[in-house]
2 protein chains.
Amino acid sequence: MKRKVALKDIAKELGVSTALVSYVMNNQEEEKGVNKESALKIREAAARLNYRPNQIAKSLKTNKTHTIGLIVADIAYRFTTGVTRAIEAEAKKNNYTVIFGSSDESNKKFHELANVLINRQVDGLILVPVENSEQEIEYLQKHDIPFVLIDRYFPGLDANMVAIDNYKAAYQCTAHLVKTGHRNIAFVNYKTTLFHLQERNRGYRQALQDNGIEPQPGLVIDVREKHLEEDVRKGIKQVMALNPAADSVFFATDILAIHGLKNINAMKIKVPGELGVLSFDESEAFELFSCPVTHGRQPIEDIGKLAVTTLLDLVANNKVKRRIVLESDFIKGKSCGE
Amino acid sequence: MKRKVALKDIAKELGVSTALVSYVMNNQEEEKGVNKESALKIREAAARLNYRPNQIAKSLKTNKTHTIGLIVADIAYRFTTGVTRAIEAEAKKNNYTVIFGSSDESNKKFHELANVLINRQVDGLILVPVENSEQEIEYLQKHDIPFVLIDRYFPGLDANMVAIDNYKAAYQCTAHLVKTGHRNIAFVNYKTTLFHLQERNRGYRQALQDNGIEPQPGLVIDVREKHLEEDVRKGIKQVMALNPAADSVFFATDILAIHGLKNINAMKIKVPGELGVLSFDESEAFELFSCPVTHGRQPIEDIGKLAVTTLLDLVANNKVKRRIVLESDFIKGKSCGE
DNA sequence: AAATTTGTTTTAATCGTTTAAAATAATATT
DNA sequence: AATATTATTTTAAACGATTAAAACAAATTT
């Protein structure tokens, strides 16, 4: 790469000081009382020499990188692509750039990534925390590093966050299955300590109880993340072999639903005729299924946008404390019957 | 954010110079002949004070940011998530970070993003160029900014690139449809000047001709990106209304295929019975379709990996010229019949 | 004892900006 | 004409690191 044109070069070209050039390049000619003609000359020379301010040098001086670090759980999740897009758009609106990395649900990677981003002096972090990452979060708090958690959070930690009410959403989903005539409602969820997913369990159970249905342990399928395909397959088989068999399945995430529906297809089970299906999150894939899949929908754009605005408030004035809980939508398809 | 611990602070703490600390922190104690005891003391103090080197300052001095700028076309594409993940992984292996942005197929955004990334002094760029971005590419070349194009490229520009042979892949796909007994093969593609997509048209036509089938203009559906849903819907209706009607459809991208299949579902057309279907790229969504969709598969991981290694070679020694053309796979489903 | 060698550490300039304070020039006021 | 005011520009230190060159100290050789 050729050496870049620096402030100094423009200054030398015109026989003025770098200070003057700096003022003009930052549009401070008014406050700093720069002569109009000088400003014009400087602008002209900057354009002619194709000057591009070195953000690195700028950052070093101002101690602001205008960069947000984003750690997502897995780039393949629909939630991730949606929220990343929203974050990027909102960041750009505020003249911020996003540096991004994926933890792939690994606590080690999460820690390493946080380190890398902090060393790069990002102004703040937006995080989808992984299982057992409380320590890392506490470290950030202790060191006054501005951050916002999204999607997931830890009830014991008093951190800024933007998420949905998972309990309520799961409650509503389950209640809908009951209302559409189902009583043997299976529930497929990851086997995890992540609070937001446990909240979905709680919502499921409570909705059943409130409708006079005793939760059946046999209808709850715990899926190990590492054995996703296997556990979903076995789980579906299992609940269909019960007596009485499951009359519906509630999937706690879109990924689980996709794998579940694949198996349901393979087993030639009719939806909604033989089995009602409901997914917590949506997926583009649902559109190719034999019938429209009823599902919840998180306000992903809002989550991303609010995460950025909260973070930027935090960066500007670190007194902010916000725990934003959003409502999630419910999209009626035909997979639960009428 | 609290003021960070700097080299200076460690130096002051121990009453030594920053140079010594710097040598130790960069593991150069051997070459620079630092006393073992001093090194130990320095390491201990660094750990105790929780020193984190300021990458910004480092970059300013070394003129290397260890950062790759990545501009993708749209974060919602499967190609994007796959290739981004591969790029990120390979970058990390080489101690590089990825800064990333999405052009959303807009030339203006593409230009702005390139600017932002260059100002941030990325060491190099990996680009999925958009329509009419030749100028921007030429600008990069003129200014010796290291970059690698992926997925798409311009035949007239002699740039480093990693992509598949779109002509050949499309040829093979079309030939497969012929071999499975189809003769009225519709082709759905974007209406675009992008070379890689035109190559798919060329492959389609040539395969037909080589099999003694005269290409029918009425079977080719041009989809405007801005009117994706509408044009796909009308297009499918149109080719099914022909006399003779289309007996199969070849979709030039996964997104087109998803929208096509959605309509095929809605129109209750049986696949492969009434209509053969083939998609150029794969999608997770295909797994929920009533039958496994036959499709091409790009070696996405290889593309990402090779893009990074090529770029890093380029950064290290700017004499590299590489035009890497990879083969694409073909996954036989059941959507074309036997 | 002086000179040399070896081992260890410091000095100081530099990267490209920003910015408060000082300096200079031009004009207005007395 | 001396002084004050205003307009414009420059100086120089700083951000936090790197690194060649110089400096110092101790040990070895002459």
Side-chain angles (χ1 to χ4, degrees), chain A residues 1-43 45-46 49-67 118-123, chain B residues 1-43 45-46 49-67 118-123:
Chain A
M1 228 188 291
K2 286 181 202 163
R3 203 186 71 71
K4 295 289 225 37
V5 175
L7 271 192
K8 205 169 40 178
D9 301 309
I10 300 180
K12 204 179 292 169
E13 173 94 0
L14 299 175
V16 299
S17 71
T18 59
L20 210 56
V21 182
S22 172
Y23 293 148
V24 174
M25 292 332 283
N26 289 297
N27 299 313
Q28 300 182 314
E29 47 212 296
E30 294 282 295
E31 307 104 279
K32 302 295 178 172
V34 177
N35 183 291
K36 289 236 165 62
E37 260 180 66
S38 309
L40 214 67
K41 269 195 330 194
I42 289 170
R43 271 188 216 296
L49 298 178
N50 188 37
Y51 170 70
R52 287 150 172 276
N54 183 324
Q55 294 295 334
I56 295 287
K58 217 167 189 162
S59 294
L60 180 59
K61 193 67 181 72
T62 59
N63 208 24
K64 281 267 163 292
T65 53
H66 274 254
T67 305
I118 293 169
N119 288 355
R120 304 231 155 198
Q121 316 295 124
V122 294
D123 291 345
Chain B
M1 228 188 295
K2 285 181 201 161
R3 204 186 70 71
K4 294 289 226 37
V5 176
L7 271 192
K8 207 169 40 181
D9 301 310
I10 300 180
K12 203 178 291 166
E13 173 94 0
L14 299 175
V16 298
S17 71
T18 60
L20 210 55
V21 182
S22 171
Y23 293 148
V24 174
M25 293 330 285
N26 289 296
N27 298 314
Q28 301 182 314
E29 47 213 294
E30 294 280 294
E31 307 106 278
K32 303 292 179 174
V34 177
N35 183 293
K36 289 234 166 62
E37 260 180 66
S38 310
L40 213 67
K41 270 195 329 195
I42 289 171
R43 271 188 216 297
L49 298 177
N50 187 37
Y51 170 68
R52 288 152 172 273
N54 182 323
Q55 295 295 335
I56 296 286
K58 216 167 190 162
S59 294
L60 180 60
K61 191 68 180 76
T62 59
N63 208 23
K64 281 267 163 292
T65 52
H66 275 255
T67 304
I118 293 168
N119 288 356
R120 301 232 158 198
Q121 316 296 121
V122 295
D123 291 345

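Order of the sequence lines fixes the chain letters, A, B, ..., with proteins taken first and strands second; residue numbering starts at 1 for each chain.
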Over all atoms of both residues, closest heavy-atom pair of B:Val5 and B:Tyr51: O-CD1, 3.3 Å
Listed partners of B:Glu13 passing side-chain hydrogen bond (donor to acceptor under 3.5 Å, both in side chains), at least two apart: B:Arg48
Distance, rounded to the nearest Å, where B:Glu31 contributes CD and D:dA20 contributes P: 11 Å
Distance in angstrom units between B:Glu29 CD and C:dT8 P, rounded: 12 Å
Value in whole Å for how far the P atom of D:dA12 lies from NZ of A:Lys8: 16 Å
NE2-CD distance between B:His66 and B:Gln55, expressed to the nearest 0.5 angstrom: 8.5 Å
Heavy-atom neighbours of B:Lys12 NZ exceed 12 at 6.0 Å: no
Separation of C:dT10 C1' from B:Leu14 CG (nearest whole Å): 15 Å
Residue pairs involving residues 17-43 of chain A (criterion salt bridge (charged side-chain N to carboxylate O under 4.0 Å, His left out); sequence neighbours excluded): A:Glu29-A:Arg43
Any residue meeting side-chain contact (heavy atoms from CB on, under 4.5 Å) with B:Thr67, in chain and number order, not counting sequence neighbours: A:Arg120, B:Thr65, B:Ile99, B:Val122
With sequence neighbours excluded, residues passing side-chain hydrogen bond (donor to acceptor under 3.5 Å, both in side chains) with B:Asn50: A:Tyr139, A:His143
Separation of D:dA17 P from A:Asn63 CG (nearest whole Å): 11 Å
Interatomic distance where CE belongs to A:Met25 and P belongs to D:dT9 [whole Å]: 16 Å
Flag, side chain of B:Asn54 to backbone of B:Ile56, donor-acceptor distance under 3.5 Å: yes
side-chain contact (heavy atoms from CB on, under 4.5 Å) partner of B:Val16, chosen from B:Val24, B:Ile10, B:Val34, B:Val21: B:Val21
Interatomic distance where CG belongs to A:Leu7 and P belongs to D:dC15 [whole Å]: 19 Å
For atom NZ of B:Lys12 and atom P of C:dT9, their distance in whole Å: 20 Å
Bend angle of the helix from C:dA1-D:dT30 to C:dT30-D:dA1, end axes from five pairs each (to 10°): 80°
Within residues 36-43 of chain B: residues closer than 4.0 Å to DNA chain C (heavy atoms): B:Ser38
Please list, for nucleotides 19-27 of chain C, all pairs of protein and nucleotide N/O atoms separated by less than 3.5 Å.
residue: C:dA20; atom: N6; partner: A:Tyr23; partner atom: OH; Å: 3.2

Any donor-acceptor N/O pair, A:Ser22 side chain to A:Thr18 backbone, under 3.5 Å: no
Listed partners of A:Ser17 passing side-chain contact (heavy atoms from CB on, under 4.5 Å), at least two apart: A:Ala19, A:Leu20
Closest to side chain of B:Ser17, choosing from D:dA17, C:dT10, D:dT9: C:dT10
Stretch residues 50-58 of chain A: residues that reach within less than 4.0 Å of DNA chain D through a heavy atom: none
